[in-house]
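On a predicted model such as this, the values are computed, not experimentally measured, just so you know.
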Amino acid sequence: MKWNIIATLVLSILLIAVSCRPTGQTSEAPTTTVPSDLPDAIILAVGLEIPWALDFLPDGDIIITERHGRIRRYDSALGLIPEPLFVIDVWAGGEGGLLGIA
């Protein structure tokens with residue numbers, strides 16, 4: 001019984017400590033890493049701004065939406081095309097923005 005109380009106390013302290021950690025944002029650019037538990041993961045594109053949805057074209061290319069209104073194309077041979085296919089004027093706030101594509 002005594003061990004159960006001690007274990008509960010330690011677990012409670014750990015949970016409080018983890019939930020009270022500061023989550024401040026830094027001005028550094030995000031890094032792109034592949035978690036070690038995903039050995040088959042392949043990064044196709046970097047530099048997207050809040051990618052939201054994607055759809056696959058018959059030729060293997062991928063259409064990607066970015067929340068702020070850009071529609072981008074990933075070319076299977078060339079990689080991410082730098083210029084957006086389209087830019088749509090959307091309100092990107094809260095749950096709003098350019099979301100899905102089909």
Among His68, Glu66, Arg70, find the one that has a side-chain contact (heavy atoms from CB on, under 4.5 Å) with Ile50.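 Exactly one candidate clears the test, His68.
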
Please tell me whether Leu80 and Leu44 are part of a single hydrophobic cluster in this structure, the criterion being side-chain heavy atoms less than 4.5 Å apart.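 Both belong to a single hydrophobic cluster.
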
Group every Ile, Leu, Val, Met, Phe, Trp and Tyr by side-chain heavy-atom contacts under 4.5 Å, then state whether Phe56 and Leu48 land in the same group.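 Yes; tracing contacts between hydrophobic side chains, which count when under 4.5 Å, links both residues.
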
Once you round to the nearest 0.5 Å, how far does CG of Asp59 lie from CG of Asp75?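 Between atom CG of Asp59 and atom CG of Asp75 there are 7.5 Å.
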
Could you state the interatomic distance from CD1 (Ile64) to CG (Leu54), rounded to the nearest 0.5 Å?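 Rounded to the nearest 0.5 Å, the CD1-CG separation comes to 6.5 Å.
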
Specify the closest pair of heavy atoms between [X] and [Y], including all atoms of both residues, with the distance to one decimal.
X     : Y     : result
Ala45 : Tyr74 : CB-CD1, 4.4 Å
Gly60 : Ser76 : O-CB, 3.9 Å
Arg72 : Ile81 : NH2-O, 3.3 Å

With a cut-off of 6.0 Å (strictly less than), are more than 12 heavy atoms of other residues, nucleotides or ligands near CG of Asp89?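 Atom CG in Asp89 is not crowded, with 12 or fewer foreign heavy atoms closer than 6.0 Å.
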
4.5 Å side-chain heavy-atom contact, Ile63 and Ile71: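 Heavy-atom side-chain distance check passes, below 4.5 Å.
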
